[in-house]
2 protein chains.
Amino acid sequence: MADYAEDERAVPLDGLSVEARIHDVMMELTAAEKRAARGLLGSYPTLGFAPVAEFAAVSGISSATVLRFVARLGYRSYPDFQRALREELDERSKSPLQRAEAAPPRADGDLHYLDRYMARMAANLSATAARIPISEFEALAARLAEGRGGCHLIGGRFTDAVAAYMEAHLRLVRPGVRRLDGRTATRADQLIDVRAGDIAVIFDVRRYDPQLLETARSLAGRRAFTVLVTDEWISPVSRHAKIVLPCLTETGSTWDANSALFTLVEAIIARTTELAWPAASRRIGSLEKG
Amino acid sequence: MADYAEDERAVPLDGLSVEARIHDVMMELTAAEKRAARGLLGSYPTLGFAPVAEFAAVSGISSATVLRFVARLGYRSYPDFQRALREELDERSKSPLQRAEAAPPRADGDLHYLDRYMARMAANLSATAARIPISEFEALAARLAEGRGGCHLIGGRFTDAVAAYMEAHLRLVRPGVRRLDGRTATRADQLIDVRAGDIAVIFDVRRYDPQLLETARSLAGRRAFTVLVTDEWISPVSRHAKIVLPCLTETGSTWDANSALFTLVEAIIARTTELAWPAASRRIGSLEKG
DNA sequence: TCCCCTCTGAAACGTCAATTTCAGCATTGA
DNA sequence: TCAATGCTGAAATTGACGTTTCAGAGGGGA
């Protein structure tokens, strides 16, 4: 593991975007430098990610001029400039609600708050499904369906409820299910029953809980099969997880939405029940009666 | 002008996108390689434009594993992989119908269980929104936002988790929130603190809980403002409720889906927070610190 | 027309990043 | 419990890329 330093700011002083900065200096640029600017704006921002030689070739100038161009923009080096571009792109895609809020401001006519909210969550579900690797989902369901070993569910401040919901169902499908208190899960008496090969499902969304990370570390030490259900920014718990299921939660308002997590849990339960049906049906039948 | 060669295809054989390719091989990846995949998917595609060392550091693995990862994807070198990413990004921004192409990463034919499940739930949400009277929704949010009197949340066997989730958020927005144990809520000591004008939110879905009905009756007797969140067949508790919010839960398989209930609860929380913002913001601020 | 100044690109340079190697380690099966 | 296999990351190696230098081209003024 490298000790990579990510503190250094790529952008010199102001927080201007690369594109804005180009427009600012455009008029002071020399002829060849302008061609560099044209080239970059022509296929923005991808050309900036290319090596200098390619940038130069596409723009029809020499490498040296490209370097002079980025220096004009205020960047100390070409890699510096590229980093700025990356951070910018990241920033843009980190708020997919630009679409949901900026795109249909008037298109929705007089749909009510509730309609809009539910519609956005519906879109969220589809997008979440698309970004979750099927193999991970299937692997988890299969493992849960096996029914061997223990199965420990751990949630955070808000996601504890989701864990509880999962527990209530999973108990009926397979034995050995129990829920740990997320806040005290690090304590030895909580983890003492965790054995090698046990499944541990951890729910962690922003703002990530340091205690959960600690718990995950302990679980990894105990050779538990750790599963993480998290948000699009992916909790640091992923370091210790065998399976990671990221859900979209961003809403842009006060609360993030855990609807996708909840629905994913239901999907997991449904799939697990299906896979374990021979055993589960008998179990459910006897428990329902009792 | 450099003699830069741009003829060489970065992508080996098929025209698959990097993202699609990741999902394809995800199953065959080793543990550390999966971390790389998650890292990239977590901030896609920007992390792929970073130097190998940074990619590795962010994903929590070594540089060597990153290289092995891109090799698994079928790229002959890291720069080769980066070029594929660039071409992909360019392609997307060149056509405004990016959605139509980028949205269905998996063809309609081989939709997986998870895709189908999420799609059905998405449809459920829209249908649920359509059948809930806006006036009821607004009335509830407004009443909750007032913040006067107590607010009691009661769930059933499975819906107790939904009630817990609502409690966790509502506590931050307004005072007087508490959750009753659904199974023992009829007992006098549980109901003794309920006063006239208090809000009581009851969650009840099939198979309807006789105890909850009894509790609702008692609450009505105490002049509580009773709200019912239920399924499409509508719990008998509705007899005692001032507001009824029906959600679609039918799935046709073993378990009914409470996803719509959960999402509705989030919508209620969001709307309430919005309406109560002046008071709620201060409250949230002070509670977050403590 | 000639000279000077600025801009420009080719080539040399040195650095840093991608790649390869290898030893240690965890994980799987007997 | 032990051996074998395959995964993993640290360090060494190589090569590529960004950077610098400098000679010459282009253009404007005297």
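FYI, side chains are in, hydrogens and waters are out, and symmetry mates aren't considered; it's all heavy atoms of this structure.
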(request) Using atom NZ of Lys34(A) as one end and atom P of dT6(C) as the other, report the distance to the nearest whole Å. (result) 18 Å
(request) Verify salt bridge (charged side-chain N to carboxylate O under 4.0 Å, His left out) between Glu146(A) and Arg174(A), making sure each step is shown before the conclusion. (result) CA-CA 8 Å; Glu146(A) 277 179 14; Arg174(A) 52 160 290 162; over 6 Å; no
(message) Can you see if the side chain of Arg35(B) gets near the phosphate of dT8(D) - specifically, an N or O under 4.0 Å from OP1 or OP2?
(response) no
(message) Does this structure show an ion pair linking Asp198(A) with Arg222(A), if we count only N-O contacts that are shorter than 4.0 Å?
(response) no
(request) Not counting sequence neighbours, which residues clear side chain to side chain donor-acceptor pair (under 3.5 Å) with Arg217(A)? List them please. (result) none
(request) Indicate whether any N or O donor in one side chain lies under 3.5 Å from an N or O acceptor in the other, for Thr249(A) and Glu232(A). (result) yes
(request) Identify whether NZ of Lys or CZ of Arg in Arg86(A) sits under 6.0 Å from the centre of the six-membered ring of Phe49(B) and within 45° of that ring's axis. (result) no
(request) Measure from CD on Glu33(B) to P on dT27(C) and round the result to the nearest Å. (result) 16 Å
(message) Without decimals, in angstroms, what is the distance between Leu29(B) CG and dG6(D) P?
(response) 17 Å
(request) Specify the separation, in whole Å, of atom CZ of Phe55(A) and atom C1' of dG9(C). (result) 16 Å
(request) To the nearest Å, give me how far apart NZ (Lys242(A)) and C1' (dC7(D)) are. (result) 13 Å
(message) Tell me whether the side-chain N/O atoms of Ser62(B) come closer than 4.0 Å to OP1 or OP2 in dT8(D).
(response) no
(message) Is the phosphate of dC7(C) approached by Thr30(A) (side-chain N or O, under 4.0 Å from OP1 or OP2)?
(response) no
(request) Determine the interplanar angle of the Phe55(B) and Phe69(B) rings, folded into 0 to 90°, and report it as parallel if under 30°, tilted if 30 to 60°, perpendicular if over 60°. (result) perpendicular
(request) Using the closest heavy atom to pick a nucleotide of DNA chain C for each, name whichever of Thr65(A) or Arg223(A) lands nearer the 5' end. (result) Thr65(A)
Output a table of nitrogen or oxygen pairs between the protein and nucleotides 15-23 of chain D separated by less than 3.5 Å.
{"unit_1": "dG18(D)", "atom_1": "OP1", "unit_2": "Val52(A)", "atom_2": "N", "d": "3.3"}
{"unit_1": "dG18(D)", "atom_1": "OP2", "unit_2": "Val52(A)", "atom_2": "N", "d": "2.7"}
{"unit_1": "dT19(D)", "atom_1": "OP1", "unit_2": "Tyr78(A)", "atom_2": "N", "d": "3.3"}
{"unit_1": "dT19(D)", "atom_1": "OP2", "unit_2": "Tyr78(A)", "atom_2": "N", "d": "3.1"}

